[in-house]
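Heads up, the thing below is written out as structure tokens.
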Amino acid sequence: MAIEVFNRYENKYMLDEEMFEKIQKGIADYMEPDPYNKLHGSYTISNIYYDTEDSRLIRNSLSKPKYKEKLRLRAYGVPEMESRVYIEIKKKFRGLVNKRRSALQLDEAYRFIETGILPEAHDGQNRQVLREIAYILQTNELLPALYLAYDRCAYFGQGNEDLRISFDKNIRTRRHDLRLEQGDFGEPLLADGQWLMEVKSAESIPVWLCRLLSEHQIYPISFSKYGTEYKQLVKNEHEEERHV
């Protein structure tokens with residue numbers, strides 16, 4: 001299917017290399033690696049985030065509102081113009097994350113985002129989601145704002161597909177060459193050896209996982225990849241202004 005819809009709660013944790021290895025071992029009896037991880041190890045996810053010229057969407061997100069949303073274009077690896085990519089709306093309301101996405105060819109996705117005109121229908125496409133995205137495009141003057149990529153190891157719960165744990169490392173960003181096909185490069189967002197762990201579940205975290213995290217004194221944090229990059233950008237701009 002070209003369309004996927006997720007409703008789930010997400011908790012994030014920051015790990016160093018040693019703790020990453022301990023948690024990996026701790027979840028082995030309860031979780032199965034993503035099929036792609038089994039074959040290739042980690043895989044790369046690359047994104048273009050869209051925002052207004054004055055960064056209104058990310059500024060609103062950082063203000064901790066009850067409701068917030070982001071629009072991004074996502075690919076696995078470095079796509080070509082004919083490759084399948086995903087255009088996604090990610091919404092969050094009172095802690096519940098709703099992600100709605102549809103698959104398009106990269107060139108088709110660019111035209112849709114630039115014009116707001118619905119693409120030609122394909123089998124399996126959910127036109128309602130595309131209409132929602134078209135509405136966001138038509139009511140906001142959105143531009144490509146940020147390239148953000150990372151390498152991921154992901155796991156699914158055994159007998160519980162609603163439970164997913166992912167580990168992201170080597171998060172890199174750039175604010176130039178904002179096209180997915182331009183290549184996978186950017187400035188590091190985190191220190192070397194840091195991993196961002198995300199626990200995603202439609203229900204509460206299982207008891208065994210709570211015990212594992214408690215045993216290693218790992219606690220949830222508030223962290224946004226795009227938000228962290230934007231705060232660093234603002235900080236750097238302020239520092240440059242002070243030295244002018």
Side-chain angles (χ1 to χ4, degrees), residues 3-15 45 47-74 86-102 112-113 116 126-148 150 152 154 157 160-168 171 173 175 189-190 195-207 209-210 213-214 218-235 237-238:
I3 177 64
E4 298 180 45
V5 177
F6 305 91
N7 288 285
R8 61 199 181 191
Y9 293 95
E10 297 183 355
N11 291 288
K12 301 178 181 181
Y13 310 81
M14 197 65 69
L15 312 177
I45 297 175
N47 306 272
I48 298 292
Y49 282 85
Y50 290 81
D51 210 330
T52 61
E53 189 173 2
D54 63 353
S55 303
R56 178 168 51 81
L57 295 185
I58 190 58
R59 288 190 293 105
N60 178 66
S61 178
L62 290 171
S63 70
K64 307 292 185 182
K66 293 180 181 178
Y67 171 81
K68 55 187 177 182
E69 64 183 8
K70 298 174 184 175
L71 179 70
R72 66 190 178 198
L73 190 58
R74 167 167 289 191
Y86 295 91
I87 183 168
E88 300 183 346
I89 314 169
K90 187 174 183 182
K91 305 178 181 180
K92 189 173 184 180
F93 180 69
R94 295 185 182 275
L96 180 64
V97 175
N98 172 268
K99 186 169 77 174
R100 304 165 71 79
R101 72 181 191 176
S102 186
F112 178 33
I113 294 171
N126 187 322
R127 301 296 284 180
Q128 176 58 35
V129 171
L130 288 177
R131 283 191 286 269
E132 289 180 29
I133 295 172
Y135 178 78
I136 292 174
L137 294 171
Q138 292 163 6
T139 54
N140 298 273
E141 295 184 7
L142 298 182
L143 302 168
L146 179 71
Y147 172 90
L148 190 151
Y150 41 90
R152 169 167 288 184
N160 180 10
E161 294 185 357
D162 286 334
L163 176 63
R164 179 175 171 85
I165 298 178
S166 62
F167 301 91
D168 297 337
I171 303 173
T173 68
R175 285 188 172 259
L189 187 65
L190 300 177
W195 292 79
L196 177 66
M197 180 176 76
E198 298 186 35
V199 177
K200 307 166 186 180
S201 178
E203 301 176 351
S204 58
I205 296 176
V207 173
L209 182 55
C210 290
L213 297 175
S214 177
I218 299 173
Y219 305 105
I221 61 170
S222 176
F223 185 88
S224 159
K225 298 183 184 80
Y226 182 14
T228 298
E229 188 280 340
Y230 179 74
K231 287 188 288 187
Q232 289 185 1
L233 175 70
V234 172
K235 179 182 177 182
E237 288 177 345
H238 287 169

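Because the structure is a prediction, the values reported are computed rather than measured.
- In this structure, CD on E88 lies 12.5 Å from OH on Y50, to the nearest 0.5 angstrom.
- Counting heavy atoms of neighbouring residues, nucleotides and ligands inside a 6.0 Å radius, atom NZ of K92 does not exceed 12 of them.
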request  = Apply the test side chain to side chain contact (heavy atoms under 4.5 Å, CB included) to residues V97 and K200: give CA-CA distance (whole Å), side-chain angles for both, the deciding distance (0.1 Å), then the verdict.
outcome  = CA-CA 9 Å; V97 175; K200 307 166 186 180; over 6 Å; no
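- Residue K68 comes nearest to N60 through the heavy atom pair CB-ND2, 4.2 Å, listed as atom of the first residue, atom of the second, then distance.
- Between Y49 and L148, the closest heavy-atom pair is CE1-CB, 4.1 Å.
- For the pair N7 and L96, the tightest heavy-atom approach, listed with the atom from each and the gap, is C-CD1, 4.2 Å.
- R175 places a side-chain N or O within 3.5 Å of a backbone atom of A145 that can act as its donor or acceptor partner.
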The test is side chain to side chain contact (heavy atoms under 4.5 Å, CB included); show your working for V129 and I87 and say whether it passes. CA-CA 10 Å; V129 171; I87 183 168; over 6 Å; no
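- Shortest non-hydrogen contact noted between M14 and W195 is SD-O, 3.4 Å.
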CA sep, side-chain torsions, deciding dist, call: I165, M197, side chain to side chain contact (heavy atoms under 4.5 Å, CB included)
CA-CA 7 Å; I165 298 178; M197 180 176 76; 3.9 Å; yes
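- Among all heavy-atom pairs drawn from R56 and T52, the shortest one is N-OG1, 2.8 Å.
- With salt bridges taken as basic N to acidic carboxylate O contacts below 4.0 Å, one links K90 and E10.
- Counted within 6.0 Å of CD on E141, heavy atoms from surrounding residues, nucleotides or ligands total 12 or fewer; the atom is thus considered open.
- For K225 and Y150, the positive end sits near the middle of the six-membered ring, less than 6.0 Å away and at most 45° from its axis.
- S166 contributes atom OG, which lies 7.5 Å from atom CD1 of I45 (distance to the nearest 0.5 angstrom).
- Once rounded to the nearest 0.5 Å, the distance linking CG of L163 with CG of L209 reads 7.0 Å.
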Between N98 and F93, is the side chain to side chain contact (heavy atoms under 4.5 Å, CB included) condition met? List the steps.
CA-CA 8 Å; N98 172 268; F93 180 69; over 6 Å; no
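- Note that the CG atom of N47 and the CG atom of L73 stand 8.5 Å from one another [nearest 0.5 Å].
- Between the side chain of S214 and the backbone N or O of C210 there is no donor-acceptor pair closer than 3.5 Å.
- A 4.5 Å side-chain heavy-atom check between K235 and H238 finds every atom pair outside the cut-off.
- The structure places OH of Y230 at 11.5 Å from OG of S61, a figure rounded to the nearest 0.5 Å.
- The main-chain N or O of L196 is never found under 3.5 Å from a side-chain atom of D168 such that the two would form a donor-acceptor pair.
- Inter-residue side-chain proximity for L57 and Y226 is flagged as unmet; no heavy-atom pair is nearer than 4.5 Å.
- A distance-only check finds a donor-acceptor pair linking the side chain of Q138 to the backbone of G116 [under 3.5 Å].
- Of all heavy-atom pairs between I113 and L137, the closest is CA-CD1, 3.8 Å.
- Other residues, nucleotides and ligands place no more than 12 heavy atoms under 6.0 Å from the OH atom of Y135.
- R59 and D54 are joined by a salt bridge, as a carboxylate oxygen and a charged side-chain nitrogen come within less than 4.0 angstrom of each other.
- Considering CG of L142 and CD1 of I133, their distance stands at 11.5 Å, rounded to 0.5 Å.
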